Amino acid sequence: MKDKNPFQIANREAMIGIILVVFNFIWWFAFAYGLGDKSPEDYQFIFGFPAWFFYSCIVGVFVMAILVLVTVKFLFKDVSLDEKEFDQT
Amino acid sequence: MNMIATITLFVTVGLIFIIGLLVSRTSSTNHSFLEDYYLGGRRLGGFVLAMTMTATYGSASSFIGGPGVAYNEGLGWVLLSITQVATGYFTLMILGKRFALMAKKYKAITMVDFLKERYQSKWVVLLSSFSIIIFLFSAMAAQWIGGGRLIESITGLSYHSALFIFVLTVIIYVTFGGFRAVTLTDSIQGSIMLIGTIILLVSIIISGGGISSIMTDLQSENPNLITPYGADGSLSPQYVSSFWILVGVGVIALPQIVIRAMSYQNTKAFHRALIIGTLVVGIIMLNMHLIGVFARPILPGIEVADTVIPLIALEVLPAWLAGIVLAAPLAAIMSTVDSLLLLVSSTIVKDIYINYIEPEASRKKVRTLSMTITALLGIIVYLIAVNPPDLIIWLNLYTIGGLEAAFLWPVVMGIYWDKGTKQGAIAAIITGFTSYILLQAFYPNPFGMHAVVSSLAISLIAYIGASKLSQSATL
């Protein structure tokens with residue numbers, strides 16, 4: 001686990017955070033305004049919810065939770081926070 | 001007055017507090033008093049970290065104000081609020097390990113500490129302390145009011161006595177317990193919130209005759225309630241999207257979140273917090289706001305939006321259960337208040353008093369001073385909250401935006417951009433802070449978006465510009 005400098009690991013994980021939030025935004029926006037932008041009479045309903053809401057909000061939360069679980073399990077590395085010596089460059 | 005609900009409510013809250021105090025007493029460490037009192041000795045585990053983040057952020061705005069607005073606006077407001085799911089992972093991932101390493105190296109206990117060591121500037125310290133005190137004061141007042149309202153509508157006590165009970169409990173608890181007690185109760189409170197909102201949502205769906213029939217009721221009352229555009233069609237996509245910045249991504253810069261990102265024990269705890277936090281924040285936000293929307297067909301015509309949650313809980317649940325479930329929003333408000341109180345107190349004691357007035361103060365003196373200031377602050381906020389404005393959510397969002405505009409770049413760039421200078425930080429704080437206040441006052445939605453977006457852009461330009469200029473000046 002000590003193959004990399006902790007600052008490089010941290011930078012990579014911050015990038016993952018940005019990618020996740022961009023993905024989350026696109027998912028949220030595309031379903032909400034893609035499926036929601038019509039007259040309510042024409043809405044489809046899934047489990048009683050309008051389809052735009054079901055995919056954007058409900059499925060969105062669980063998709064993100066799963067993505068976070070997967071990225072953290074497979075891409076995040078343990079780093080010792082007690083290390084006395086590390087260089088920032 | 002609902003006797004049974006009142007009793008179960010207070011018993012639940014009382015139990016939470018007793019547990020917090022007992023546990024925080026038994027765990028003694030050999031850290032300094034300040035590190036213990038304000039940061040729990042940097043030893044938070046994953047579950048506690050996730051829950052304390054959730055409980056701190058899931059405040060009166062999301063538990064009382066938010067569902068109230070959702071009641072009036074419909075599903076469009078749930079769509080807006082769900083942007084907060086990003087706080088569950090984004091904040092921790094961005095501040096991340098790099099921030100924890102730097103904070104530990106700097107021995108930072110507060111966000112201001114971090115800024116002080118990073119930028120080595122007295123002006124950064126004074127400016128940031130000043131903005132924290134101003135903004136968090138109004139945030140606390142908003143939370144106080146929410147707590148008072150909630151107790152008022154459950155117990156039937158007058159607002160003033162309700163507020164008094166609320167404030168007294170919080171002050172005693174925070175003053176003696178410090179950060180560790182606060183984070184421990186946060187995890188109990190977070191769990192109550194999670195379970196409470198699920199129970200409440202399910203009961204509402206049952207008493208509304210199922211989701212489909214609730215949706216039909218909403219649609220026949222006003223079709224806009226089930227669109228993404230709000231009750232009168234005024235929630236535009238760019239306005240709703242800008243809440244990604246305000247309540248999602250920008251939360252990184254809130255001091256109460258920042259200090260939690262430096263208080264975890266090891267990276268295992270950090271990883272667990274990410275996983276638990278995302279799910280818990282997502283479920284709580286979704287549930288709370290859906291409850292607000294679903295309450296509409298069941299209890300039409302509620303006029304004070306802040307009372308939607310307590311009224312609907314008393315309506316659909318048996319009284320004893322309503323008391324326990326309502327302990328969840330009360331718990332949320334208390335934990336937010338607890339941490340804000342500690343934060344303002346630490347700003348005064350640690351960032352101003354110890355830095356500039358008496359650096360060599362003895363442990364005993366610091367202890368007495370920390371507790372006195374904490375208690376005193378609580379009393380001052382109480383006096384402000386006695387005469388409250390109506391919709392607490394706006395007051396609270398105002399605070400959040402102001403802090404984000406001031407601190408987002410000094411914190412984030414301070415971590416990731418080695419070339420950022422103190423001039424950059426000062427410029428970003430001043431331009432962010434003033435542009436946000438001016439925009440809010442005179443031109444609240446530039447480009448159809450929340451003012452925080454423009455202020456952050458201005459503040460970023462100021463940060464980079466001033467950093468570049470000061471570098472070339474010193475070369």
Side-chain angles (χ1 to χ4, degrees), chain A residues 1 6-22 24-25 28-29 31-33 35-41 43 45-50 52-53 56-58 60-73 76-84 86 88-89, chain B residues 42 75-76 78-79 81-83 85-86 88-102 104-105 205 210-215 219 223-229 237 240-241 244 248-249 264-268 270-272 274-275 277-279 281-283 285-286 290 415-416 418:
Chain A
M1 288 294 179
F7 274 92
Q8 275 173 325
I9 294 175
N11 288 355
R12 198 174 75 121
E13 292 175 2
M15 271 316 291
I16 295 174
I18 293 172
I19 295 168
L20 281 177
V21 88
V22 169
N24 193 353
F25 175 76
W28 170 91
F29 191 95
F31 278 112
Y33 296 103
L35 296 174
D37 188 22
K38 52 187 165 192
S39 165
E41 289 99 67
Y43 280 171
F45 290 86
I46 298 170
F47 297 112
F49 292 101
W52 70 264
F53 183 84
S56 174
C57 298
I58 299 174
V61 166
F62 291 99
V63 166
M64 287 320 295
I66 292 166
L67 278 179
V68 169
L69 176 77
V70 171
T71 45
V72 168
K73 284 270 181 236
F76 277 48
K77 294 210 162 67
D78 279 316
V79 169
S80 164
L81 297 178
D82 288 321
E83 234 164 313
K84 297 274 186 289
F86 48 82
Q88 211 175 323
T89 45
Chain B
R42 267 185 240 279
L75 290 181
V78 187
L79 178 70
S81 309
I82 206 70
T83 59
V85 73
Y89 59 95
F90 188 74
T91 21
L92 272 179
M93 282 187 184
I94 296 297
L95 293 172
K97 290 163 190 167
R98 192 154 166 158
F99 181 66
L101 285 166
M102 285 170 88
K104 201 152 191 175
K105 187 174 106 186
I205 293 174
I211 299 170
S212 299
S213 104
I214 294 176
M215 287 297 161
Q219 195 177 355
N224 282 336
L225 289 172
I226 62 164
T227 69
Y229 301 104
V240 175
S241 298
W244 275 88
V249 173
Y264 53 86
Q265 187 167 13
N266 53 36
T267 49
K268 281 213 171 53
F270 170 83
H271 293 163
R272 278 189 69 192
L274 280 170
I275 297 167
T278 310
L279 195 62
V281 172
I283 292 179
M285 292 303 159
L286 191 61
L290 266 180
I415 302 174
Y416 289 98
D418 297 335

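Note that the coordinates shown come from a computational prediction; the quantities given were computed from them, not determined experimentally. So that the names make sense, note that chain A is the first sequence line, chain B the second, and so on, each numbered from 1. For the numbers below, each heavy atom of this structure counts, side chains included, while hydrogens, waters and symmetry mates do not.
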Any side-chain to backbone donor/acceptor pair from A:E13 onto A:V72? Under 3.5 Å, distance only.
no

Answer with side chain, backbone, both or neither: which region of B:L75 has an atom nearer than 4.5 Å to a non-hydrogen atom of chain A?
both

Across all chains, not counting sequence neighbours, the ring pair (Phe, Tyr, Trp, His ring centres under 6.0 Å) partners of A:F53 are A:F49

Please classify the contact of B:V249 with chain A as side chain, backbone, both or neither, using a heavy-atom distance under 4.5 Å.
side chain

Give, as side chain, backbone, both or neither, the part of A:I66 having an atom under 4.5 angstrom from any heavy atom of chain B.
neither

Kindly indicate, with the supporting measurements, whether the criterion side chain to side chain contact (heavy atoms under 4.5 Å, CB included) is fulfilled by A:W28 and B:S241.
CA-CA 9 Å; A:W28 170 91; B:S241 298; 3.7 Å; yes

Chain A contact via B:F270 - side chain, backbone, both or neither, heavy atoms under 4.5 Å
side chain

Contact leader toward chain B among A:Y43, A:F47, A:F45, where contacts are heavy-atom pairs under 4.5 Å:
A:Y43

Walk me through whether B:Y416 and A:N11 qualify under side chain to side chain contact (heavy atoms under 4.5 Å, CB included).
CA-CA 8 Å; B:Y416 289 98; A:N11 288 355; 3.3 Å; yes

Counting only N and O atoms by type, is there a donor-acceptor contact under 3.5 Å from the side chain of B:Y89 to the main-chain atoms of B:G277?
no

B:T83, B:I275, B:V78: which one forms the most heavy-atom pairs within less than 4.5 Å of chain A?
B:I275

So which of A:N24, A:T71, A:L20, A:V61 has the biggest tally of heavy-atom pairs under 4.5 Å with chain B?
A:N24

Ranking B:G282, B:S213, B:S81, B:P228 by heavy-atom pairs under 4.5 Å to chain A gives rank one to B:P228

Report which part of B:I214 has an atom under 4.5 Å of a heavy atom belonging to chain A: side chain, backbone, both, or neither.
neither

Indicate the atoms forming the closest heavy-atom contact of B:I94 with A:A14, along with that distance.
CD1-O, 3.4 Å

Which one of B:L79, B:L290, B:L279, B:V85 has the most heavy-atom pairs closer than 4.5 Å to chain A?
B:L79

As an exercise: rank A:L69, A:V21, A:I58 by heavy-atom pairs under 4.5 Å with chain B and give me the winner.
A:V21

State which residues pass salt bridge (Lys or Arg N to Asp or Glu O under 4.0 Å) with B:K268; sequence neighbours excluded, sorted by chain then number.
A:D78

Residue part contacting chain B, namely of A:F29, when any heavy atom lies under 4.5 Å
side chain

Mind checking the CD1-NZ spacing from B:I415 to B:K97? Nearest 0.5 Å is all I need.
14.0 Å

